Amino acid sequence: MSPDVMPETVVAATATEPAKPGRAHSRARAARRRRVIVAAARAVLLVAVLGLWEVFARAKIIDPFNFSMPSKIWDQVYTWVTHGTALGSLGEQVWYTLQEALLGWVIGVVAGVVFGIALGRIAFLADVLGPYIKVLNSIPRIVLAPIFVIWFGLGPASKVASAVVLVFFPVFFNAFQGAREVDRNLVANARILGASDRRVTLQVVIPSATSWIFTSLHVSFGFALIGAIVGEYIGATKGIGLLVAQSQGTFNAAGVYAAMVILAVVALLAEGLLTFAERRIFRWKPSDSES
């Protein structure tokens with residue numbers, strides 16, 4: 001390179017050097033601005049819906065007896081929080097339902113992952129059990145809740161069983177698909193290096209399928225809550241589902257909506273924890289703002 005060209009090259013390189021931090025700062029600022037706008041839009045939408053609901057109910061455009069109104073729902077939640085429910089304290093009811101949902105969720109996730117990976121790796125098992133799993137998946141699983149109450153009684157076992165059957169299938173199909181979608185080159189390279197089937201499954205297949213499995217976890221916890229609530233609604237001694245059933249039996253629409261609000265808060269908290277765990281595990285994945 002000639003001496004005349006070198007200074008120009010150096011100047012050009014140094015001129016473009018600060019541009020990278022600048023672009024990164026601009027992207028981060030744009031991402032923060034977008035998050036603020038999204039949060040504000042969500043808040044405005046929520047306030048608009050609740051406000052219209054309250055106005056329509058007070059103006060008798062909608063029947064306040066059947067649809068209740070946000071102010072009455074808030075009063076019901078406040079009463080349950082400060083004075084408890086007919087079944088005991090609100091915290092006890094929430095914890096009872098949450099225990100059933102968590103236990104059913106853990107059992108369903110473990111079973112779904114194990115069976116999904118196994119059938120994804122062993123073609124013979126997939127061929128034999130595949131039709132039976134499809135038949136079981138076609139059954140409306142909510143209708144199994146009364147059967148579980150007959151089998152296991154009014155205790156937590158019937159609610160856990162309802163949660164398990166709702167959680168198992170979405171986790172199973174995602175784990176199965178994740179095992180099938182593993183890069184064949186990775187598997188072939190692992191075998192060339194002398195890895196056994198067990199090591200390939202544990203060190204290649206399962207890590208590759210983890211993102212698929214985490215995708216199902218976000219949906220499956222909501223299913224676990226549904227299973228526990230439906231089981232409690234059909235027959236239980238305590239829990240949020242029983243609160244819903246009692247509120248419906250006394251034509252207390254505000255109580256039904258209040259229980260739904262409490263469940264929504266629990267589900268959102270669980271979703272936040274799962275999202276946090278996913279971000280910690282998959283730090284290497286670019287976020288939406290960086291893509």
Side-chain angles (χ1 to χ4, degrees), residues 66-68 73 76-77 80 84-113 115 133-174 215-274:
N66 293 324
F67 292 92
S68 189
I73 297 170
Q76 182 67 79
V77 173
W80 282 347
T85 69
L87 305 173
S89 68
L90 179 61
E92 182 183 3
Q93 311 312 310
V94 172
W95 178 239
Y96 190 80
T97 299
L98 194 56
Q99 280 181 311
E100 297 166 344
L102 279 173
L103 184 56
W105 182 70
V106 170
I107 295 174
V109 166
V110 171
V113 170
F115 278 92
I133 292 176
K134 291 178 181 178
V135 169
L136 291 174
N137 186 48
S138 65
I139 297 174
R141 288 178 287 282
I142 292 297
V143 303
L144 297 176
I147 298 176
F148 292 145
V149 171
I150 295 173
W151 287 354
F152 305 115
L154 298 178
S158 57
K159 289 70 179 175
V160 172
S162 298
V164 168
V165 297
L166 285 174
V167 169
F168 172 81
F169 287 98
V171 176
F172 166 80
F173 284 115
N174 272 46
T215 300
S216 66
L217 297 188
H218 292 278
V219 180
S220 60
F221 187 78
F223 287 162
L225 278 175
I226 292 172
I229 293 300
V230 170
E232 291 172 352
Y233 182 85
I234 293 172
T237 57
K238 60 177 68 176
I240 299 297
L242 185 56
L243 280 180
V244 173
Q246 288 187 342
S247 298
Q248 182 187 17
T250 56
F251 299 99
N252 179 13
V256 175
Y257 288 116
M260 293 169 60
V261 169
I262 293 168
L263 287 174
V265 171
V266 172
L268 286 175
L269 290 175
E271 171 68 18
L273 289 174
L274 285 172

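Bear in mind that the values here come from a model prediction, so they are computed numbers and not experimental data.
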| remark: What one should report as the nearest heavy-atom pair of N252 and Q76 is ND2-OE1, 2.9 Å
| note | When rounded to the nearest 0.5 Å, the distance separating CD1 of I234 from CD1 of I229 is 11.5 Å
| query | Would W80 and I262 satisfy side chain to side chain contact (heavy atoms under 4.5 Å, CB included), going step by step from the backbone distance to the final call? | reply | CA-CA 11 Å; W80 282 347; I262 293 168; 3.9 Å; yes
| task | With the side chain counted from C-beta on, respond yes when F168 and F115 share a heavy-atom pair under 4.5 Å apart, and no when they do not. | result | yes
| G104 versus A163, closest heavy-atom pair with distance | CA-CB, 3.8 Å
| query | If only atom types and distance count, is the side chain of Q93 paired as donor or acceptor with the main-chain N or O of T85 below 3.5 Å? | reply | no
| query | Are V109 and F221 close enough, and set up right, to give a side chain to side chain contact (heavy atoms under 4.5 Å, CB included), and what steps lead you there? | reply | CA-CA 9 Å; V109 166; F221 187 78; over 6 Å; no
| note | Paired with I226, the side-chain contact (heavy atoms from CB on, under 4.5 Å) test is passed by just one of I142, L263, V167, namely I142
| Does any N or O in the side chain of T97 come within less than 3.5 Å of the main-chain N or O of I240, such that one atom is a donor and the other an acceptor? | yes
| Quick one: are I139 and L136 in side-chain contact, heavy atoms under 4.5 Å? | yes
| field | Minimum heavy-atom distance between A258 and V77, given as atom pair plus value | value | CB-CG2, 3.6 Å
| query | Which heavy-atom pair separates F67 from Y257 by the least distance, and what is that distance? | reply | O-CE1, 3.3 Å
| request: Considering non-hydrogen atoms only, spot the tightest contact between S216 and P170 and give its length. | output: CB-O, 3.7 Å
| said: So, taking the atom named CG in L243 and the one named CG in L90, what distance separates them when rounded to the nearest 0.5 Å? | reply: 7.0 Å
| field | Rounded distance (nearest 0.5 Å) linking atom CH2 of W105 with atom CG of L217 | value | 5.0 Å
| Roughly how far, to the nearest 0.5 Å, is the CG atom of N137 from the CZ atom of F173? | 4.0 Å
| field | Chi angles and distances behind the side chain to side chain contact (heavy atoms under 4.5 Å, CB included) call for L242, T237 | value | CA-CA 7 Å; L242 185 56; T237 57; 5.5 Å; no
| said: Are more than 12 heavy atoms, taken from residues, nucleotides or ligands other than F152, located less than 6.0 Å from that residue's CZ atom? | reply: yes
| query | So, the side chain of K159 versus the backbone of V230: is there a donor-acceptor pair under 3.5 Å, distance only? | reply | no
| task | Sort out for me which residue in V265, L273, V266 forms a side-chain contact (heavy atoms from CB on, under 4.5 Å) with L269. | result | V265
| remark: F148 and S158 have their tightest heavy-atom pair at O-CB, 3.4 Å
| request: Go through the steps to decide whether Y96 and E232 satisfy the test side chain to side chain contact (heavy atoms under 4.5 Å, CB included), and finish with yes or no. | output: CA-CA 10 Å; Y96 190 80; E232 291 172 352; 3.8 Å; yes
